[in-house]
Number of protein chains: 2
Amino acid sequence: MKPATIRDVARHAQVSVASVSRALNGSDTVTEETRKRILESAEALQYVPHSGARSLSTSKTNTLGIILPDLYGEFFSELIRGMDLAAREHGYHLIVSSSHDDADGAAAAIRSMRGRVDGLFVLSPQIDSANLATAMAGRLPVVLMHGGAGESTLPSIVVDNNGGAHAAVDHLLATGCRSIAHIAGPAGNLEAEARLAGYLEAMAEAGLEPHVVEGDFNQGSGHASAQALMAAPRRFDGVFCGNDMMAIGALLAFQEAGVRCPEDVAVVGFDDVPIAALVRPGLTTLRIRIAETGRRALQRLVGQIEAAQAGREATQSSSACEVVRPELVIRTSTRASVSTTRAADGRPSGVTASAQGENQDG
Amino acid sequence: MKPATIRDVARHAQVSVASVSRALNGSDTVTEETRKRILESAEALQYVPHSGARSLSTSKTNTLGIILPDLYGEFFSELIRGMDLAAREHGYHLIVSSSHDDADGAAAAIRSMRGRVDGLFVLSPQIDSANLATAMAGRLPVVLMHGGAGESTLPSIVVDNNGGAHAAVDHLLATGCRSIAHIAGPAGNLEAEARLAGYLEAMAEAGLEPHVVEGDFNQGSGHASAQALMAAPRRFDGVFCGNDMMAIGALLAFQEAGVRCPEDVAVVGFDDVPIAALVRPGLTTLRIRIAETGRRALQRLVGQIEAAQAGREATQSSSACEVVRPELVIRTSTRASVSTTRAADGRPSGVTASAQGENQDG
DNA sequence: TCAAATCGTGTAATCGGTTACATGACACAC
DNA sequence: GTGTGTCATGTAACCGATTACACGATTTGA
């Protein structure tokens, strides 16, 4: 038993398909009486319009595609959530496509989106601008959101990883650290490389010698890298980690080894994932308002789509690269000496002071 | 400049559209020579097939819909991730639709999926079976995944919340707790209610008096609820929390108040979100393998779809309700003196047996 | 009273594919 | 030479909507 089509409804209501379409969509010119009859027929037949067919004739899908990297975690999930929230407001659906890890796979994923979406988010770093151009023959509206997208001429939103890394190092310096190590993200990852570069620059500016070990952005590698640092002859009193998960792994490693944080070593992460506020000590990190960034991205894409289907080229501003500047969030993993002194005043421990700070965050 | 269509390619290669379609899709009977010519033309014109049009004629979208509740967090994100991973393997895309929080909105979201998807996951608890039936006039293959879905005759995957709650209470009893409080999830939430019911049953079986405060599944409410418990005259030595986030909030509240965990009070959560292993003390909780559950759900739905389009009705097994049994993961938030657990082994109750069942299933 | 404007409705083309069936060429067997 | 079978290819119907345009009926104005 096939679902009813618009023709079934038309037959049942004894009108033409055109009238049914008119009655069901915008209120074109239809008599109140026939409209009523049509609605009753639609109800009786449990008619539900076929979105695919509608898209074909209107060439509007009300759907946006997201090209994801091969593996993604908390960060992208949260980003998608932010996009989804905004998408609903704008009347759009979201369709996700995990691309393969090579450029060809990603290009194929993009192509498979044709006729399915009105616009595309590309979060997959495998796609460079050249590939992108050939991949989307139909030149869909696009918003790029992978590290290094800023170099493209396409509209994009990128995180200021370099600036964030600078801020992290500067903060460690300000709290008195003199020997700052860096647990880097995986080589080849553009975000990781930008953060590493920022660290190296900031260290050079401060006239300090850099000290880098490489992780893979996962908690386990943070743990291992911290152990490697402790095993090495070189001393350190501060660690800037490429992301929060590695920082948390490092915190646990220090804790296990009896190295106190922040007294013996201060730790800074990157991203401000929800866990960062919940571990002890609370993790000082660079906050990216992920969901909000997702929302902004969606608005940009929708703006582009509307501009494209109405006027001419999109507005000038919409083809620009938008930069999200991470914000330093100071927690107890780098408690400045000033705060520590204050916590010591009268109270039995600094725990209370730090805990209060966290509550405000949460 | 419109993207090239199949007719453009046909014209360019001087063949009919049928040949182009045949050449590009399965290798029907096409001369190697014409195929080559067609592929070259497609390349030259940067032809990309229009998935929407293809779906219309094949009535196959290779897309699955997910009807989400109004607000969703880490749990659903992880579930979607698991589904996505599996979807890729099966050649499907995923389209998400956040429904509104009322039943009408959810029904509308389901209807808007017609012609867009080959099957549907319903994670939105607002939809009861009756609404669902009317909402999907076209009777799409469906997998239900909200609490209470077990009562429906439709295929579903549900978490054994009740059993999990039992296991939590039993574990607390086994570690020596005598006065166990429960921080419940929000009233009206089916998962929360099932966990509460399990707690009440287990307490009744143990001949203990229950002690319940209500939270809302967020960390903040766990914090507040724990403070409320401490402020109340009634003493307690164990807390079973409706989910991990509230448990973590409670842990922080106890820490701030100088109440030691697990010495003064033992805490158990539910879900085993990634943070649970990273807080200190590590949170004892009931693990749900979220991503794996998502993968299973996807396989079920795909199985249904394939059965529907090939043979007759789906297999008997596929219309059953599948139960995911949470697995008790013991960490330091509950003192896991093994001897105590062993001692429980001797008791006539089904407690230990059920706990073993959990482990095997997980 | 007749032409023009207005208005509700129907007819049929269209979106971009897939595919059942028709066609025509060629080979082979009698 | 004719009939038959095979095989590559073309023609056109279809999927289920939207919508430009046509049409007939009614109203309006001179």
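We name chains A, B, ... by the order of the sequence lines, and we start the count at 1 in each one. This is a predicted model, so every value here is computed, not measured.
Judged purely by atom type and a 3.5 angstrom limit, B/Arg300 uses its side chain to pair as donor or acceptor with the backbone of B/Ser156.
Atoms CD (A/Glu33) and P (C/dC7) sit 18 Å apart, rounded to a whole Å. Across the protein-nucleic acid pair, B/Ile38 atom CD1 and D/dA8 atom P stand 13 Å apart, rounded to whole Å. Between A/Arg35 atom CZ and C/dG8 atom P there is a gap of 10 Å when expressed in whole angstrom units. Distance B/Arg37 CZ to D/dA8 C1': 12 Å, rounded to the nearest Å. One interatomic measurement links the two molecules: CG of B/Leu45 to C1' of C/dG16, which rounds to 15 Å at whole-angstrom precision.
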Open item on the list: Evaluate A/Thr63 against B/Arg116 for side-chain contact (heavy atoms from CB on, under 4.5 Å), listing each step before the verdict.
Closed with: CA-CA 10 Å; A/Thr63 303; B/Arg116 234 186 251 282; 2.9 Å; yes

Task: Worked check of salt bridge (Lys or Arg N to Asp or Glu O under 4.0 Å) between A/Arg11 and A/Asp8 - done: CA-CA 5 Å; A/Arg11 199 175 311 123; A/Asp8 297 327; 3.3 Å; yes

Which atom pairs, donor and acceptor, lie under 3.5 Å between side-chain atoms of residues 50-58 of chain B and protein residues at least two apart or in another chain?
unit_1	atom_1	unit_2	atom_2	d
B/His50	ND1	B/Gly52	N	3.2
B/His50	ND1	B/Ala53	N	3.0
B/Ser51	OG	A/Ser112	O	3.2
B/Ser51	OG	A/Arg114	O	2.7
B/Ser55	OG	B/Ser51	O	2.7
B/Ser57	OG	B/Arg54	O	3.3
B/Thr58	OG1	B/Arg54	O	2.8
B/Thr58	OG1	B/Lys60	N	3.4

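Looking only at side-chain heavy atoms (C-beta outward), A/Leu68 and A/Ile80 come within less than 4.5 Å of each other.
Counting non-hydrogen atoms under 4.0 angstrom, A/Thr34 reaches the backbone sugars and phosphates but no base.
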Anything under 3.5 Å between a protein N or O and an N or O of nucleotides 17-21 of chain D, put it in a table, one pair a line.
unit_1	atom_1	unit_2	atom_2	d
D/dA17	OP1	A/Tyr47	OH	2.9
D/dA17	OP1	A/His50	N	2.7
D/dA17	OP2	A/Ile6	N	2.4
D/dA17	O5'	A/Tyr47	OH	3.2
D/dA17	N7	A/Arg7	NH2	2.9
D/dT18	OP1	A/Asn25	ND2	2.6
D/dT18	OP1	A/Arg54	NH1	3.1
D/dT18	OP2	A/Ser21	OG	2.5
D/dT18	O4'	A/Ser57	OG	2.9

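A salt bridge is defined here as a Lys NZ or Arg NE, NH1 or NH2 lying under 4.0 Å from an Asp or Glu carboxylate O, and B/Lys36 with B/Glu40 meets this definition.
Both B/Leu56 and B/Ser16 lie near DNA chain D, and the one whose nearest nucleotide falls closer to the 5' end is B/Ser16.
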